Structure formats: C-alpha cells, structure tokens
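All heavy atoms count here, side chains included; hydrogens, waters and symmetry mates do not. Keep in mind the model is a prediction, meaning the values are calculated, not measured. By convention in this document, chain letters (A, B, ...) are assigned in the order of the sequence lines, proteins followed by strands, and residues within each chain are numbered from 1.
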2 protein chains.
Amino acid sequence: MRAAKDRSVVEDYVKVIYAHTEWQPEPITTSVLAARLGLAASSVTEMVKKLGSAGLVTHVPYGAVELTSEGIRLALRMLRRHRLIETWLVEVFAYGWDEVHDEAEVLEHTLSDRLLEAIAGQLGEPSRDPHGDPIPTADGRVLRPEAVLLRDAPEGSIGRIVRISDRDPTLLRYLLDEEITLDVELTVLGRKPFGGALAVQAGAVEHDLGEEATASIWISTGEPSPAGGVPLETS
Amino acid sequence: MRAAKDRSVVEDYVKVIYAHTEWQPEPITTSVLAARLGLAASSVTEMVKKLGSAGLVTHVPYGAVELTSEGIRLALRMLRRHRLIETWLVEVFAYGWDEVHDEAEVLEHTLSDRLLEAIAGQLGEPSRDPHGDPIPTADGRVLRPEAVLLRDAPEGSIGRIVRISDRDPTLLRYLLDEEITLDVELTVLGRKPFGGALAVQAGAVEHDLGEEATASIWISTGEPSPAGGVPLETS
DNA sequence: GGTAGAATTTCGGTGTGCCGAAAATCAAGA
DNA sequence: TCTTGATTTTCGGCACACCGAAATTCTACC
Ligand SMILES: [Mn+2]
Ligand SMILES: [Mn+2]
Ligand SMILES: [Mn+2]
Ligand SMILES: [Mn+2]
C-alpha cells in the first residue's frame, strides 16, 4: 500500500512534462525528462510506459512524450497548486522569491483542495506567481502573456519583464540584488563579441547579463499592461 | 530512493506510541499499535524491530514497546506539528474541530520547520489544540493538565472539560451540537443502571452520555484555570 | 506442572519506483 | 548504403513497507 507517494510521483512527471513546453514549445524526450526529475533514463522510460497505460501521456518509442487532455488537466491542476503556494508563501509569510520553490514542490502534493482554495480566496485569486508564471484557474484555464526570451530579443527592442524562471535560486538572488525583477522595463542594447554577455538597460542602469540570465528572463514587447495574453490551454 | 515517505512512516509509528500513553499510562503492545495504525500485526512487529535499530524504541519480544528519549523527542516534535496545524486550520481557515484531524495527519509530515514555526508565531504560540491536547514547545516541553476520564469520575464530582479525544469526528459533531465543548463545567449526576449512560449536567441542561462519549472526555476537578499542570515530558 | 488458546513473531512473498549494464534502435556522415 | 556513436529501451535486481499463513511463545487455568 502506497497511495500518497504514488500520486505525487505521477503528479511530478506530468507537471514537468507540461512545464517544459509552457514557454518554449519543444516536445520533451525521456532523457530530458529524466534530467529534469533527477532520475535515470531507464526509470523514466518505464514510468512513462505506466503513464501511457493510465491515459495521461502518449509516447511513441524513441520519440517524444506528450500529454493527453487528461494529462494536461492534471498538469494544470498541479501548476495551479505549485504557483498558488509560492505566492502564498511570499505574501503571507514573507518568503523571498528565491526561497519558495522547494517548499511548494512538497506542499503541492499534500494540501487538500479545500485548504488550497481557501488560500486562493484569501489571496484574492492571483493570476500569476512571484516569478511571473501564470496561475491556472480552478477549472483549468490559463492565460500566458505573450513573451520572448531575453536571449532571443533583437537589439534595440524594449520590453517589460513578465517572467523569470525560478529554477536557479542563486540567479534569483542576484537579479533581485540588481533590481531586475518582474515588470521592470528593459532595453536591449546589444551583444558583446564572441558569444559574450548581453547589454541591457534598466532605468538609468546598464547591466551585462550572461547566458544563464538571458535564458531565464522573458520580456513582453507588446502592450504595457498585462491586459492581453494568449489562451494557452483550455482543457 | 524513497526519503520522504520513509520519514513519515517512522513519524507515525512514534507519534502513535507516544499518544497512547499520554493521557492513560498504559504501555502499548505491537497488536494495539497495529490496530491504531490500521496495519497487520506482522508488519508492525517488523517495523518496530527497525525502529529499535534506529534507537527510537525499545522492545522486549512479546512485551511492550517503549520510546527511548530520542523517540520521545521525535514524538513530541510530531505532536507539536499535528496540533499546531489543527489549531491553525480552525483559527485561520474556520475549519470545524471535527474536520481538522485528517488534514493535519498529512501536513504534519510535509510542512517545513520554517513554515510551521511561522504559523506558530502568527497564532501566538498556542498551548493547546482545538481538542484540548497540549502543544509541546519547539524545544520539547509539554504541560498536560491534570485530568480524569469522565467515565472514571466519581458521582457528584464537578469538573471542567479539558480534553475531548478527536478520534471520532461523529462524536465531535454530536458534542458540539449539544454544546459540550472545551472548558464547559460538568457535574456528574450518576450512572443509569445495567452499565447504562452517565448522567451529567452542563449549565442548566442534563445529558445522558454513553460509553463512547464518557471514554473520550477528560475533566479537571482541580483549580478552575489552566494555571497548573503536570510536566509530562521534558525530553 | 501441563496444556489449550491467545498473542506475537517468523517466513515467504508482493507491488512500486528506482538503478546500472546490456541490448536495441536511430540518425548522421562517409 | 553502410557504419558508428548517441539515444533509448530492456533486463535483472534492489529497498521498502506491507501482508497472510505458519511457527513460536506466552498465559491462564486446571
Ligand atoms: Mn516553482
Ligand atoms: Mn514560480
Ligand atoms: Mn488530531
Ligand atoms: Mn487534536
């Protein structure tokens, strides 16, 4: 008997599969999935087979893993949980935005729906988390702001930061220190030679950002307010 | 690899062992432990052996299971977690006292120390949970009010309710309905013939309480305020 | 003191998610 | 088209907490 743990393993697989294609639409392979989950490739191949039998993913051998509509539904549920919890920790308990991910990673599997929705209510049903990731609604709709990776933004473009990946807490601390946070407006000045840093201007200050940073920051070059957006999944 | 789950299994064993002797000092056997945990006796025997190797319990074969000081320390830590969470759910999220136990049973294993202590701070370091169970301090001290089981209270005695077991939610709902709650003053009127109900008076109202209820309610016949108490464990 | 019945432990076995090594498959270049 | 190196899957095994049945041990009672 192993009910609780089982559930959370499945939940993690599905969540990671979804998250991988959320901002950059590239299908995920078992080996990438293994890397993200910190597991051996062989373990993931086996588990993916089980997820397939459970109707959560499709997987052509040697090919990509893709979520079914049921898989998407579960993934959005988990993302809502993860991101609400992160938001809650920041808002109610004054956690730093670099400190919330690990705790959310555990709690997303264990809070009851009742408690989670009570928290969402107390927070006023927020629409994005501390890193700019959209929080799906309880009925599985999600609005992702149109955005480009800072690394891919053309020279001279101006954009507002709409998302910063929370994968590396060190980076988050560095960026906060430099006052590069959500909603800050950036101007892309240009790239230093030989694959070097990207020069950007934030307010009056100029920064040289490395690959690590520019591959983690998304900017929106469109309208100045988070009014618009792309309905990503409506499962 | 199975770190999280492992921990919570051990935590549950230790917590149940401690809780069994908290209000009535009777040593616990493997079979009673199995019943409390909802497991087969054989499973418990094996696990107890492992807990022994881990230095958490002592167990003479065919005899009682007893916590070591390290086991008591872990048990008190878990009881603090469980009871703080129950209190928090009632205070902050308006859960009923009959609704908190199951959620706490899960969350006690998954909240970080940091979050738990933040919650304790917001609640003002409460000293008892919604059912009157004492909340151990973070450094493992606990003050249990002197109390007798209502079933064992002599006829004519007067006492204040200091604890109601939260094992049966149905009973909790019934008692709340009858306004028999923590701190209510009871007078034991007498027992109906043939092992029947116990008649008690609460305020102006008279109640006939069955075995189920009288074996779940503890009253304090001593001083009227929760000033005194017995330092139960100071591990 | 001997013995039946109850309590407890031992034993063989299960399901799950995981791993490393070996085998199979794919894809790119020659 | 063939080869080769990388990716992916298959295979045998492991650890863990659990279970039921069988064996052991204890405890009353005679
Ligand atoms: Mn996160
Ligand atoms: Mn986030
Ligand atoms: Mn409880
Ligand atoms: Mn309680």
Participant: Specify the closest pair of heavy atoms between A:Asp166 and A:Leu172, including all atoms of both residues, with the distance to one decimal.
Facilitator: CA-CD1, 3.8 Å
Participant: Can you check the A:Leu39 CG to D:dT9 P distance for me, whole Å?
Facilitator: 14 Å
Participant: Kindly write out the residues that satisfy ring pair (Phe, Tyr, Trp, His ring centres under 6.0 Å) with A:Trp218, not counting sequence neighbours, or none if the list is empty.
Facilitator: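 Counting only residues at least two positions away or on another chain, A:Trp218 forms a ring pair (Phe, Tyr, Trp, His ring centres under 6.0 Å) with A:Trp23.
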Participant: Using a cut-off of 6.0 Å, state whether more than 12 heavy atoms not belonging to A:Arg167 lie near its atom CZ.
Facilitator: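 No - once you tally the heavy atoms of other residues, nucleotides and ligands closer than 6.0 Å, there are 12 at most.
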Participant: Is it true that atom CD of B:Glu66 has more than 12 heavy atoms of other residues, nucleotides or ligands lying nearer than 6.0 Å?
Facilitator: no
Participant: Using only side-chain N and O atoms of B:Ser31, determine if any of them is under 4.0 Å from OP1 or OP2 of C:dT8.
Facilitator: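 B:Ser31 to C:dT8 OP1/OP2: side-chain N or O found under 4.0 Å.
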Participant: Within this structure, what is the NZ-to-P distance between B:Lys49 and C:dC11, rounded to whole angstrom?
Facilitator: 8 Å
Participant: Do nucleotides 23-29 of chain D as a string where each nucleotide becomes B, S or -: B if the base has a protein heavy atom under 4.0 Å, S if just the sugar-phosphate does, - if no protein is that close.
Facilitator: -BSS---
Participant: Is any side-chain nitrogen or oxygen of A:Thr30 closer than 4.0 Å to OP1 or OP2 of D:dT9?
Facilitator: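 Indeed, a polar side-chain atom of A:Thr30 lies that close.
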Participant: OP1 or OP2 of D:dC18 versus the side-chain N and O atoms of B:Ser43: is any pair under 4.0 Å?
Facilitator: no
Participant: State whether a side-chain donor-acceptor pair under 3.5 Å links A:Asp12 with A:His109.
Facilitator: yes
Participant: May I have the distance from A:Leu33 (atom CG) to D:dT9 (atom C1'), rounded to whole angstrom?
Facilitator: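 It is 15 Å, rounded to the nearest whole Å.
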Participant: Rounded to the nearest angstrom, tell me the gap between atom CZ in A:Arg7 and atom P in C:dG17.
Facilitator: 13 Å
Participant: Check this for me: does the side-chain of B:Glu46 come within 3.5 Å of the base of C:dC11 through a donor and an acceptor?
Facilitator: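 Flag set: donor-acceptor pair detected.
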Participant: Ignoring the backbone of B:Ala40, work out which of C:dT10, D:dC19, D:dA17 is nearest its side chain.
Facilitator: D:dC19
Participant: I want to check a possible cation-pi pair here: B:Arg114 against A:Tyr95, using under 6.0 Å from ring centre and within 45° of the ring axis as the test.
Facilitator: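 Flagged: B:Arg114 positioned over aromatic ring of A:Tyr95.
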Participant: Do the side-chain N or O atoms of B:Ser42 get closer than 4.0 angstrom to the phosphate oxygens (OP1, OP2) of C:dT8?
Facilitator: no
Participant: Can you check whether B:Lys50 has a side-chain N or O nearer than 4.0 Å to OP1 or OP2 of D:dC16?
Facilitator: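 Answer no for this pair, as no side-chain N or O of B:Lys50 is under 4.0 Å from OP1 or OP2.
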Participant: Could you state the CG-P distance from B:Leu51 to D:dC18, rounded to the nearest angstrom?
Facilitator: 10 Å
Participant: For a 4.5 angstrom cut-off between non-hydrogen side-chain atoms, does B:Val65 reach B:Pro27?
Facilitator: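 No - every pair of side-chain heavy atoms lies 4.5 Å or more apart.
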Participant: Does the side chain of B:His59 get closer than 4.0 angstrom to OP1 or OP2 of C:dT8 through an N or O atom?
Facilitator: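 It does not, given that no N or O in the side chain of B:His59 lies less than 4.0 Å from OP1 or OP2 of C:dT8.
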